[in-house]
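Structure record follows, encoded as structure tokens.
We count ligands from 1, going down the list as the structure has it; atoms in each ligand are counted the same way. These numbers come from a predicted model, not from an experiment. FYI, the numbering just counts along the sequence from 1.
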Amino acid sequence: MIKVNKNYNKLPGNYLFSEISKKISEYQKQNPDKKIIRLGIGDVTKPLTPKVIEALQSAIQEMSAKETFKGYGPEQGYSFLREMIAENDFTSRNINISADEIFVSTGAKEDTANFQELFDNDIKIAIPDPVYPVYVDSNVMAGRSGEYVNGRYTNFVYLECNKENDFRPDLPKEPVDLIYLCFPNNPTGQTATKEELEKWVLYAKKNKALILFDAAYEAFIKDSSIPKSIYEIEGAKEVAVEFRSLSKTAGFTGTRLSYTIIPKELMIWDDAGNQYELNKLWNRRQTTKFNGTAYLIQKGAGAIFTKEGKKEITSIIDYYLENAKIIKDGLSTLGIESTGGINSPYIWLKTPGNLTSWEFFHKLLNEIQVVGTPGSGFGKCGEGYFRLSAFGERENVIEAVKRISNLK
Ligand code: MLT
């Protein structure tokens with residue numbers, strides 16, 4: 001008899017964004033004439049930029065000729081792209097990361113979800129709350145969670161983020177082996193200072209722990225005092241893996257390209273104290289389970305590292321940041337507290353009138369047809385909070401703020 005992986009029974013019925021999308025479809029079906037404004041899932045609305053399109057078109061030409069056609073590519077990504085990433089994201093910012101420490105992939109979602117495969121099932125994991133649900137669910141599926149009791153898994157160490165700590169996680173009170181961090185944060189929009197990241201790097205070094213640092217939103221950091229990479233912190237190359245993505249940076253949510261940085265210094269251990277190079281382990285994993293990101297897409301991605309390409313994506317990021325400001329200012333005028341929205345595309349707000357996150361979700365959908373994401377979907381500490389994303393069209397963002405202002 002074929003048996004189920006029982007860990008799947010411990011998961012919530014639906015993945016958060018699938019649940020929301022189901023509710024929107026149901027509402028739209030019953031109210032076909034209502035115009036819904038979607039500020040829920042962080043999906044971009046601006047198309048790919050001209051330089052990216054040009055590169056994609058030229059790659060299609062290459063694929064159409066026998067002499068330039070490409071079949072399987074390197075699982076780690078083509079060296080032209082890995083070198084461009086190393087130079088533009090790191091070397092030019094005085095961070096020493098080489099091309100062979102960069103693994104090109106199809107999304108930070110899949111890489112952050114898959115990375116836990118490299119670790120023993122008995123490790124202690126620290127997870128911020130609220131958090132991007134992929135980190136939690138992927139470890140639940142792998143059998144590391146323990147039981148689900150009162151909205152929490154018994155084996156995880158939750159790093160509570162709330163108003164008291166300004167939505168920045170404190171160090172765990174008990175030793176942990178793996179730590180998930182995301183800055184600028186999804187969902188709170190909060191950023192981390194250099195001093196805060198230094199504290200985490202020091203902790204990881206002392207405890208022989210590993211940090212999985214999700215930097216998917218680094219492109220939104222405009223304040224030069226805020227680190228864009230954890231490798232700006234001395235010693236981080238010995239304790240941190242970093243995930244980056246072109247989804248929000250360059251409008252690749254549907255096109256799919258991300259990259260994961262695994263410095264060669266990174267080691268993990270077995271019970272006997274033998275050490276293993278993480279870079280080699282991930283390479284082993286990828287070469288077995290992944291046949292590389294499409295050549296076309298890698299060529300398209302390369303265009304964003306050119307001078308013109310950089311200019312194009314910067315103007316789109318500025319557009320989304322201006323949306324974020326419009327939302328944040330609008331909420332502030334209404335006396336609604338929020339974090340994020342500066343150096344981040346997400347605005348995290350306290351629900352008015354002490355409504356639960358889902359009550360507020362339904363109120364916005366039913367009364368003014370604005371969609372956001374209930375904070376409780378990101379964890380227990382998210383209850384009573386709500387996330388709005390700044391990736392909409394300008395006129396829709398302005399209209400959404402107007403509708404929220406008129407909410408009874
Ligand atoms: C979000 O809305 O949290 C993100 O778009 C989800 C993702 O990047 O997978």
Task: Minimum-distance pair of heavy atoms, taken over all atoms of Gln190 and Asp166 - done: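 Nearest pair, atom of Gln190 first, then Asp166: NE2-O, 2.9 Å.
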TODO: Could you pull out the closest heavy-atom pair between Phe220 and Ile317, with the gap in Å?
DONE: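 Shortest heavy-atom contact: CD2-CG2, 3.8 Å.
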Task: Contact partition for Arg387 relative to ligand 1, non-hydrogen atoms under 4.0 Å - done: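 Contact part for Arg387 vs ligand 1: side chain (C-beta onward).
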Can you list the atoms of ligand 1 that are under 4.0 Å from a heavy atom of [X]?
| X | answer |
| --- | --- |
| Tyr346 | 1 (C), 2 (O), 3 (O), 4 (C), 5 (O) |
| Ile41 | 2 (O), 5 (O) |
| Gly42 | 1 (C), 2 (O), 5 (O) |
| Phe17 | 1 (C), 2 (O), 3 (O) |
| Tyr132 | 6 (C), 7 (C), 8 (O), 9 (O) |

- [ ] Please work out whether the ring planes of Tyr295 and Phe80 are parallel, tilted or perpendicular, with thresholds of 30° and 60°.
- [x]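 Geometry flag for Phe80 against Tyr295: perpendicular rings.
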TODO: Over 60° means perpendicular and under 30° means parallel, so classify the ring planes of Tyr153 and Tyr148, tilted if in between.
DONE: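 Judged by the thresholds at 30° and 60°, the geometry between Tyr148 and Tyr153 is tilted.
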Open item on the list: Side chains of Ser229 and Glu232: any donor to acceptor distance under 3.5 Å?
Closed with: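 Result is no, nothing qualifies.
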TODO: Return yes if a side-chain donor-acceptor contact under 3.5 Å exists between Asn150 and Lys380, otherwise no.
DONE: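 Per modelled atom types, Asn150 and Lys380 side chains form no pair under 3.5 Å.
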Task: Protein heavy atom at shortest distance from atom 5 (O) of ligand 1 - done: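 Here the nearest protein heavy atom works out to Lys248 NZ, 2.8 Å.
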Sub-3.5 Å N/O-N/O distance, [X] and ligand 1:
| X | answer |
| --- | --- |
| Asp43 | no |
| Tyr15 | no |
| Phe378 | no |

TODO: Tell me, please, which residues at least two apart from Asp129 pass side-chain hydrogen bond (donor to acceptor under 3.5 Å, both in side chains).
DONE: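 Partners of Asp129 by the side-chain hydrogen bond (donor to acceptor under 3.5 Å, both in side chains) criterion, ordered by chain and then number, come out as Arg152.
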TODO: Inspect the contact between Lys237 and Glu265 and indicate whether a charged nitrogen and a carboxylate oxygen are less than 4.0 angstrom apart.
DONE: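 A salt bridge is present here (some side-chain N lies under 4.0 Å from a carboxylate O).
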TODO: Would you please determine whether Asn186 falls within less than 4.0 Å of ligand 1 on a heavy-atom basis?
DONE: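 The answer is yes, since Asn186 has a heavy atom less than 4.0 Å from ligand 1.
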